[in-house]
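Written below as structure tokens is the structure these notes are about.
Basis for what follows: all heavy atoms, side chains included, without hydrogens, waters or symmetry-related copies. Please read all numbers here as calculations on a predicted model, not as lab measurements. Each chain gets a letter, A, B and so on, in the order the sequences are listed, and its residues count up from 1.
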Protein chains: 2
Amino acid sequence: MELEPVRDLPEIRAGDDLADLIADRTTLEPGDVVTVASTVVSKAEGRTADLDDYPVSGRAREIADKIGELTAEEKDPRFAQAVLEESTELLIDAPFLLTETRFGHISVNAGIDRSNVPGHDLLLLPKRPGKSAERIRAGLEERGVDDVAVIVTDTCGRPFRHGQRGVALGWAGISASRDWRGEPDRDGRELGVTVQSVVDELSSAANLVAGEGAGGTPAVVVRDWAFGDLEGSDELFRSVEDDLVRQALREWEFDG
Amino acid sequence: MELEPVRDLPEIRAGDDLADLIADRTTLEPGDVVTVASTVVSKAEGRTADLDDYPVSGRAREIADKIGELTAEEKDPRFAQAVLEESTELLIDAPFLLTETRFGHISVNAGIDRSNVPGHDLLLLPKRPGKSAERIRAGLEERGVDDVAVIVTDTCGRPFRHGQRGVALGWAGISASRDWRGEPDRDGRELGVTVQSVVDELSSAANLVAGEGAGGTPAVVVRDWAFGDLEGSDELFRSVEDDLVRQALREWEFDG
């Protein structure tokens, strides 16, 4: 397996055609996987916003006040409002906001970026990253690139372990996971519960090559990796019923 | 960046020298990262056990009964006892056991494997995976392989997202994470909180190449990837104070 950054992509602006820009800068073969950072997908889709776009609700003001009290850091209630509008469920409201976005991803501040947005205050996550991946894939097909997979990625933190790692937000041309259940192990016994989250692993691998900051690149090509013909699933985001941690968080409140 | 499986490793037995076996099957250069699955590290270290090694405590019987009632699946109380003995904290006791192992890793059943253990009932995780990684690295050095990093990996599930992905349990010759804080972004602004868990991302990448089951290989070499000279940290496992999910789980009990 080989990973290669797509070099020299320009600063992405609303309306840019990412498939075009990527296809111009690399040669893609059937079976390749292209990862694209959600930041540039959002920029191409015009998902920038300003704090003044978010008239503050009572709930947003409450949250901002609570976080302010707990952390001594001032939280802009307009930002809390933006997070609420991007979310379907609030898992933690203080000392930071952990929410479920409209497409099922759980992340701090609904994944809204405040550090990477020339000319605006906020960069929201793509509205439907799966659709974004499909569009980029279709764009590549129009340019004669067949049978590649596209993954829209993000980096985020997680419980239990420090640090951020690359994760998938949306994907096309690939299953989210590979199901090894029923396969024999090295001794011929059936493997236990083993569903491998390949889109997340690919996103993490790509993040090693993409880098952050000024020297980073938002797109990476994974070559010579075969998904194989094992059954996969397209479920990536757990529902509450399927996630004891979410159930625990529903019943819990931070008290300092 | 390139990932290459180490092929044709034999079935590993207690006392085997993994550094030797790996060095015989691949050529390593300074800067390479070698990932080794914890299963073979455990086997080499003789971390097999049998259910009869675990006389059942009252707590283990309680847990087995509770899980049995909740899941209609019979839980061997000796297995619950083994999990307790490998753990320092029980985060969830039912409908499954989620614990913190003695070296800080949080996983279901303390990572004890029941599917991959010829001649025994159980395969425990390495006692100190960081030390295991150091030993393998020292063994490679003795064979003239300098300046490689070694990561002992596992696969495990996580909250919020389905499926398992590769994670690091122990590492040597590399920092756990790369700290991008203070680096400028593409617009020259300072990046926000961005600590990248490189050992986990490398473990996930390697897992894509390692595969599971009969065709899998437990060792992978990552080449042409530079950790760079950015400051890193060796913290990977969150403490309770630093993990709201762990705090929430402490106060929560599953009630069906």
Part of A:Glu235 lying under 4.5 Å from any heavy atom of chain B: both
In terms of heavy-atom pairs under 4.5 Å with chain A, which of B:Ser239, B:Ala205, B:Pro159, B:Pro95 leads? B:Pro159
Rounding to 0.5 Å, atoms CD (B:Glu253) and CD (A:Gln247) come to a distance of 13.0 Å
Determine the option with the most heavy-atom pairs under 4.5 angstrom with chain B, choosing from A:Leu98, A:Leu3, A:Asp113. A:Leu3
Pick from A:Val222, A:Val167, A:Leu91, A:Val220 with the largest number of heavy-atom pairs that fall under 4.5 Å of chain B: A:Val167
Side chain, backbone, both or neither: which part of A:Phe254 has a non-hydrogen atom closer than 4.5 Å to chain B? side chain
Rounded distance (nearest 0.5 Å) linking atom CZ of B:Arg158 with atom CG of A:Asp200: 4.5 Å
Looking at every heavy atom in both A:Arg238 and B:Arg161, which two are closest together, and how far apart are they? NE-O, 3.2 Å
Side chain / backbone / both / neither for A:Asp224 at chain B, heavy atoms under 4.5 Å: neither
Heavy-atom distances under 4.5 Å only: say whether B:Phe160 touches chain A with side chain, backbone, both or neither. both
Give a yes or no on whether B:Arg102 atom CZ has more than 12 heavy-atom contacts from other residues, nucleotides or ligands under 6.0 Å away. yes
Working to the nearest 0.5 Å, report the span between CZ of A:Arg178 and CG of B:Leu208. 8.0 Å
Among B:His162, B:Glu100, B:His105, who wins on heavy-atom pairs under 4.5 Å with chain A? B:His162
Sort A:Leu202 into side chain, backbone, both or neither according to what part of it lies under 4.5 angstrom from a heavy atom of chain B. both
Please rank A:Leu249, A:Ile92, A:Val245 by heavy-atom pairs under 4.5 Å with chain B and give me the top one. A:Val245
Distance (rounded to the nearest 0.5 Å) between B:Glu2 CD and A:Met1 CE: 10.5 Å
When rounded to the nearest 0.5 angstrom, what is the spacing between CH2 in A:Trp252 and CG in B:Leu244? 4.5 Å
Please check if the number of heavy atoms outside A:Glu74 that lie under 6.0 Å from its CD is greater than 12. no
